[in-house]
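These values consider heavy atoms only, across backbone and side chains, with no hydrogens, waters or symmetry-generated copies. A, B, ... follow the sequence lines: proteins, then strands. Residue 1 opens every chain. Just so you know, these numbers come straight off a predicted model, no measurement behind them.
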Protein chains: 2
Amino acid sequence: MSQNNVYTQEEGFSSSSFENFYTHFVQLTAQSGIRTSSKRESLLRALYSCESYLSAEEIYQVLHTEHHIRISLATIYKILTFFENLDVVSTVLTFPHKLKKYKLKRAVHHDHLLCLKCGTITRFYDATLEKIQEEILTTHHFKGTHHTLTLYGFCEKCQDE
Amino acid sequence: MSQNNVYTQEEGFSSSSFENFYTHFVQLTAQSGIRTSSKRESLLRALYSCESYLSAEEIYQVLHTEHHIRISLATIYKILTFFENLDVVSTVLTFPHKLKKYKLKRAVHHDHLLCLKCGTITRFYDATLEKIQEEILTTHHFKGTHHTLTLYGFCEKCQDE
DNA sequence: TTCCCTGCAAAGGATTTGCATACAA
DNA sequence: TTGTATGCAAATCCTTTGCAGGGAA
């Protein structure tokens, strides 16, 4: 699924305004042949304006009552799943009603390579690695929030010297 | 709900055989006017023989195919909810299908009061306290696994001296 | 024009509920 | 006998899916 690697080689969002955020989002997704849509933008905007987790229903309410945007719940679910595949949102399941809630990832996760000689830090992201870590969490009945992984070694330049 | 406090004043299970476990369970529940039933016993036995979490469906399969016990899924759900209220089982929600899974608590949770003078440790359990802690976890989007609470102070005897 | 995006309604799966019956005390 | 426990089927809730129509490139 090509949707999975939109951010692979890219830096995360760190802009403070939604416009910057959205521009960045469009640039990245365009590379994968994904089209823009006003509904997706609205949904991103709703997520962007909220610091905590929102359910599909809550997003539906915000869009309808506050912004008078006509969008179906089914579409909201589709877009949220789409964002999840893009790794743009993180999710949690709530007790006791097992509602799934979504929150925007304002910065894209990445791991680090650190050179023990020159100290250079290189960022990287590997979807498979992330998936395996998720599976390990599941196997051990953990609910993960985040992680950091730093691979220590020597960079190409320092190996040569 | 009187079902909530079956274990309040009691020590946890620590017996190694199911028979001891079940005898203890019956003794405790009988005090609350709860009747015995072969289905509940079967369900407890199934949970007892498994170290990890089981879903209602998995328990259903075990009881039907391995033990040839005729029990409906609805009843399994009812009994599991009953056990949950009794605080006999702990639960988790699994990704991505939001299956609820159940595991037997082999020891009953309790907190501690520790006297700073004589060092006596007194065990206690408070349902409301537990509930509030659950709410705090929910508010902060935490999935709690366990906790320990120790209240430090002076016991009645040491206060007098 | 092409093909992705959206809406609607129906389907889906896990869990709960209502009610009649079975069973423990 | 009395009230609890169970079974069955229908209902419920959140979420997904199929398909036709709408919209971006």
Exercise. C/dC8 phosphate, OP1 or OP2: any side-chain N/O from A/R70 under 4.0 angstrom?
Worked result: yes
Problem set entry | 5'-most by nearest nucleotide on DNA chain C - A/A74 or B/E57 | A/A74
For this session: Round to a whole Å and report the spacing from CD1 of A/I59 to P of D/dC14.
Result: 14 Å
Problem set entry | Atom-to-atom span, CG of B/L80 to C1' of C/dT15 - whole angstrom | 11 Å
Problem set entry | Ring centre gap for A/F83 and A/Y102 strictly below 6.0 Å | no
For this session: Could you tell me the separation between the CD atom of B/E58 and the OH atom of B/Y53, rounded to the nearest 0.5 Å?
Result: 13.0 Å
Problem set entry | For atom CG of B/L99 and atom P of D/dC14, their distance in whole Å | 17 Å
For this session: Applying salt bridge (charged side-chain N to carboxylate O under 4.0 Å, His left out), name anything that partners A/K39, two or more places apart in sequence or on another chain.
Result: none
Problem set entry | Euclidean distance, atom CG of residue A/L93 to atom P of D/dC13 [Å, nearest integer] | 19 Å
For this session: Between A/S72 and B/H97, name the one whose nearest nucleotide on DNA chain C is closer to the 5' end.
Result: A/S72
Exercise. D/dT15 C1' sits how many Å from A/L73 CG, rounded?
Worked result: 9 Å
Exercise. Are OP1 or OP2 of D/dT15 and a side-chain N or O of A/Y77 less than 4.0 angstrom apart?
Worked result: yes
Seminar exercise, completed: Against the side chain of A/K98, the closest entry in C/dA14, C/dT6, C/dA9 is C/dA14
Problem set entry | From C/dC4, D/dA9, C/dG7, nucleotide with atom closest to A/R35 side chain | C/dC4
For this session: Identify whether any heavy atom of A/I71 sits under 4.0 Å from a base atom; if not, whether one sits that close to sugar-phosphate; answer base, sugar-phosphate or nothing.
Result: sugar-phosphate
Exercise. NZ of A/K39 versus C1' of C/dT6: gap in Å, rounded?
Worked result: 6 Å
Exercise. Hey, is the side chain of A/T36 poking within less than 4.0 Å of OP1 or OP2 on D/dA25, counting only N and O atoms?
Worked result: yes
Exercise. When rounded to the nearest 0.5 angstrom, what is the spacing between CG in A/L43 and CG in A/L104?
Worked result: 10.0 Å
Exercise. Does OP1 or OP2 of D/dA24 have a side-chain N or O of A/S37 closer than 4.0 Å?
Worked result: no
Exercise. Taking atom P of D/dC14 as reference, at what distance in whole Å does atom OH of A/Y102 sit?
Worked result: 13 Å
Seminar exercise, completed: Separation of D/dT17 atom C1' from A/F82 atom CZ, nearest Å, is 18 Å
For this session: Check whether any side-chain N or O of B/T75 sits under 4.0 Å from OP1 or OP2 of D/dG7, and answer yes or no.
Result: yes
Problem set entry | Proximity to the side chain of B/I34 - top-ranked nucleotide from D/dA5, D/dT15, D/dT6 | D/dA5
Exercise. Any side-chain N or O of B/R40 under 4.0 Å from OP1/OP2 of D/dA5?
Worked result: yes
Exercise. Tell me, do A/T91 and A/K101 make a side-chain contact under 4.5 Å, heavy atoms counted?
Worked result: no
Problem set entry | Closest to side chain of A/K78, choosing from D/dC8, C/dG7, C/dA25 | C/dG7
For this session: For residues B/I76 and B/I71, determine if any side-chain heavy atom of one lies less than 4.5 Å from a side-chain heavy atom of the other.
Result: yes
